[in-house]
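Indexing begins at 1, ligand by ligand and atom by atom, following the structure's order. For the single chain, residues carry numbers from 1 onward in sequence order.
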Amino acid sequence: MQLSANGQKVFDARYAGKDENGQINETFPQAVHRLATTASIVEQDQHYWTTKFTDVIGNLLFVPSTPIWANVGKTDRPWQPGACFVLAVEDSLHSMYDVLHQTAMIFKSGGGTGYNFSSIRPKGDLVHSTKGQASGVVELIRLYNASANMVMQGGVRRGASLGILNIDHPEIKDFINAKLNGDLTNFNLSVGVIDAFMDALNQGAAWELKFNGKVYETIAATELWDMLIWAAHACGDPGIIFLDQIQRANPVPGKVMNATNPCGEQPLYPGESCLLGSVNLAKMVKAGAVDWDLLRDTVSLAVKFLDNLIDVAEYPLPLVDQNTKSTRKIGLGFTGLADALIMANLAYDSPEGRSFAGELTRFIQQTAHETSRELAEEKGCFPDWENSIYYPHEKRRNAACITIAPTGSVTAMAGCEGYGVEPIFAVAYTKQTKVAGDFEVFSPLFLEACQRRGVTADVLTEVAQRGTCQGVTGIPRDIQQIFKGAQDIAPRDHIKMQVAVQKNTDNAVSKTINLPNSATVNDIDKSYRLAYQLGLKGITVFRDGCKEGVITVGEGKP
Ligand code: ADP
């Protein structure tokens with residue numbers, strides 16, 4: 001039970017128990033034990049399950065997500081395990097500030113929140129009680145953004161949020177352009193797009209912006225779309241969520257799902273939350289082949305672990321407690337897909353690589369569903385089961401099981417190179433830090449492969465300067481094929497990987513579609529349309545250097 005040096009840093013900074021002076025007083029094995037015993041509280045044979053959970057988490061086969069490590073089982077309460085929340089804001093000052101308060105409570109306990117703001121009246125509308133003018137959606141987002149700055153999460157990170165506005169809201173143009181000036185840094189923005197809009201776009205038809213049945217403006221669908229892709233090209237926001245696609249996969253269709261958590265991987269009902277965990281795929285490949293038995297056992301234990309935590313959880317709000325327990329959604333996913341692909345000698349952007357990823361996800365999903373069925377037999381179905389698509393033939397303990405999260409912190413703790421479903425960022429890159437200045441980082445897997453093949457130091461220097469090994473003389477062909485960073489992979493191939501994994505994912509997939517700095521607005525256009533055609537639930541693009549980047553590939557980039 002040991003962490004890498006980097007892993008230990010993440011653990012110490014974010015997850016380890018601390019005393020009143022902020023001094024660390026918990027080791028990694030102690031924290032594993034804390035999680036394992038807490039998740040076993042609801043079991044009859046607590047000793048047996050504690051041993052099982054300790055084994056699977058301690059060996060980093062299964063890695064629960066940040067709020068679980070940071071909160072669950074600690075003497076400091078609450079034991080809040082959820083990373084993902086969605087809240088509904090109504091069109092009243094009372095609701096706006098109520099939800100702001102709820103959000104603060106969620107941030108404090110380590111979660112992120114998504115909102116669909118479409119029920120808020122647009123800027124300039126009449127406020128009946130005061131006869132003044134409504135300040136509108138974008139102004140409300142500014143308020144929430146400022147609040148997120150204030151509420152530091154566990155003193156470590158600021159709260160992340162996702163604001164969604166539907167494509168027919170009268171304030172949609174301001175929303176689309178809201179991040180162009182570099183503001184709203186705590187918010188991701190996504191436009192809620194429906195099939196009818198895509199039809200209008202494809203037919204070159206007009207599109208109405210309306211609120212409460214009143215049409216405010218009629219605009220060519222193409223004009224609105226152009227605005228959207230132009231802004232996404234300029235600053236990475238907004239992304240899109242495809243609302244009808246999300247609704248088609250809704251396990252309890254009577255409840256509307258019109259928003260996701262901040263990184264887009266978890267569509268939820270208003271007031272619902274979800275807890276996450278990842279299978280470490282780097283540990284599932286042995287001598288180039290997947291150890292399916294190990295994967296099955298890991299997934300099965302992970303599902304039971306996450307499901308048990310729903311019962312011991314202390315949610316920040318009664319509303320969230322009730323909604324979360326009525327569906328019992330869990331979000332099991334993975335990290336280290338890129339590592340697994342490299343170990344299996346498969347290129348991320350090859351048909352074989354995609355089918356490998358798809359097969360792994362299918363197996364994880366199938367196993368998770370089997371376990372959820374068994375748990376339903378043993379402990380009962382989720383309370384909303386009778387209103388769900390599973391009723392009456394298929395028992396389930398959880399309305400949904402699979403979510404592919406960004407795994408921003410747990411990947412480093414697990415010692416993987418690839419985050420979530422992402423390829424390795426780059427085989428070498430310059431990291432810009434405020435504290436330590438700029439320095440070069442190599443992918444350890446890449447270095448190892450190069451050393452095995454006798455690649456010389458000056459060739460590696462060239463790779464570091466370019467930020468890629470593609471086309472570098474002295475790097476063997478097969479290494480070039482396997483070791484592609486996010487920027488070496490065509491946007492289309494990023495999307496195809498997202499599709500391969502989404503097919504077997506109950507919830508959604510958090511994925512960044514990387515584009516080179518030279519990508520055009522037309523490239524964004526193609527990516528967003530392709531995402532819709534291929535049935536994705538959402539898409540986010542990132543053009544290198546379009547935001548004040550933390551990491552830049554190669555030297556001399558903006
Ligand atoms: P981790 O690796 O820390 O477990 P992820 O990077 O996979 O977490 O993120 C999963 C989800 O956790 C996000 O989609 C979001 O809902 C929540 N989350 C992550 N970072 C933040 C943050 N800074 N503030 C609030 N919520 C966050």
Side-chain angles (χ1 to χ4, degrees), residues 6-7 9-11 13-15 31 35 57 60 62-72 80-87 102-115 144-145 147-164 184-188 190 239 241 259-268 272-280 302 306 309 316 320 324 329-337 402-422 425 505 507-512 537-538 540 550:
N6 247 345
K9 271 192 210 150
V10 175
F11 173 79
R14 295 248 158 109
Y15 307 148
L35 263 46
I57 300 171
L60 296 170
F62 164 59
V63 196
S65 90
T66 290
I68 296 177
W69 287 104
N71 301 328
V72 169
Q80 197 297 101
C84 310
F85 294 76
V86 162
L87 295 172
Q102 293 172 358
T103 301
M105 295 299 108
I106 289 170
F107 284 163
K108 192 169 167 237
S109 68
T113 311
Y115 324 78
Y144 281 28
N145 184 69
S147 170
N149 275 336
M150 288 213 25
V151 189
M152 298 287 280
Q153 289 197 66
V156 179
R157 57 186 193 184
R158 288 178 303 190
S161 304
L162 173 67
I164 295 163
L184 306 179
T185 47
N186 300 315
F187 261 81
N188 294 329
S190 277
I241 75 164
T260 71
N261 72 314
C263 305
E265 71 273 21
Q266 190 66 51
L268 292 167
E272 195 185 18
S273 81
C274 185
L275 71 180
L276 306 175
S278 301
V279 173
N280 180 351
L306 293 172
L309 285 193
V320 170
T324 305
K329 283 182 188 165
I330 59 170
L332 179 67
F334 52 69
T335 185
L337 172 67
I402 308 297
T403 302
I404 311 299
T407 67
S409 301
V410 299
T411 300
M413 189 175 77
C416 296
E417 287 196 38
Y419 289 78
V421 68
E422 303 293 354
F425 179 73
T505 299
N507 297 304
V509 180
S510 168
K511 168 110 185 72
T512 302
K537 291 180 178 174
T540 315
V550 183

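I106 contributes atom CD1, which lies 8.0 Å from atom OG of S273 (distance to the nearest 0.5 angstrom). One finds the CZ atom of F425 at 10.0 Å from the OG1 atom of T512 (value rounded to the nearest 0.5 Å). Rounding to the nearest 0.5 Å gives a distance of 10.0 Å between CG of L268 and CG of L87.
Short contacts between ligand 1 and A405, defined as distances under 4.0 Å to a heavy atom of the residue, involve ligand atoms 7 (O). For ligand 1, the atoms lying closer than 4.0 Å to a non-hydrogen atom of S409 are 1 (P), 2 (O), 3 (O). Contact atoms of ligand 1 toward G408: 2 (O), 5 (P), 6 (O), 7 (O) (distance under 4.0 Å to a heavy atom of the residue). Every atom of ligand 1 with a heavy atom of S65 under 4.0 Å away is listed here by number and element: 4 (O). Per-residue contacts place A83 under 4.0 angstrom from the following atoms of ligand 1 (heavy atoms of the residue considered): 11 (C), 12 (O), 15 (C), 16 (O), 17 (C). Contact atoms of ligand 1 toward E265: 10 (C), 11 (C), 13 (C), 14 (O) (distance under 4.0 Å to a heavy atom of the residue). Near T407, the atoms of ligand 1 lying under 4.0 angstrom from a non-hydrogen atom of the residue are 2 (O), 5 (P), 6 (O), 7 (O). Within ligand 1, counting atoms from 1 as listed, the ones closer than 4.0 Å to a heavy atom of G111 are 25 (C), 26 (N).
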S161 vs T113, side-chain hydrogen bond (donor to acceptor under 3.5 Å, both in side chains): CA-CA, chis, key distance, verdict | CA-CA 5 Å; S161 304; T113 311; 5.6 Å; no
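A donor-acceptor pair is defined here as one N or O able to donate and one able to accept, closer than 3.5 Å; such a pair exists between the side chain of N71 and the backbone of Q80. Under a 3.5 Å cut-off, the side chain of E265 and the backbone N or O of I404 do not form any donor-acceptor pair. When atom types are taken as modelled, the side chain of Q266 and the backbone of N507 share no donor-acceptor pair closer than 3.5 angstrom. A donor-acceptor pair under 3.5 Å is formed between the side chain of N188 and the backbone N or O of P262.
Under 4.0 Å from ligand 1, heavy atoms of V410 appear from its side chain as well as its backbone. Residue contacts with ligand 1 for Q266 are absent, since no atom lies close enough (heavy atoms, distance under 4.0 Å). Contacts of L276 with ligand 1, taken as heavy-atom pairs under 4.0 Å, involve the side chain alone.
The heavy atom nearest to atom 4 (O) of ligand 1, considering only T66, V10, T260, is found in T66.
Between G112 and ligand 1, at least one N/O pair is under 3.5 Å apart. Below 3.5 Å of separation, one finds an N or O of A160 facing an N or O of ligand 1. For ligand 1, the polar-atom distance check against T411 finds no nitrogen or oxygen pair separated by under 3.5 Å.
Remark: F11 pairs with F28 by the ring-ring contact (aromatic ring centres under 6.0 Å, His included) rule, at least two apart or across chains. Applying the side chain to side chain donor-acceptor pair (under 3.5 Å) rule to T103 yields the partners Y115; only residues at least two apart in sequence or on another chain are considered.
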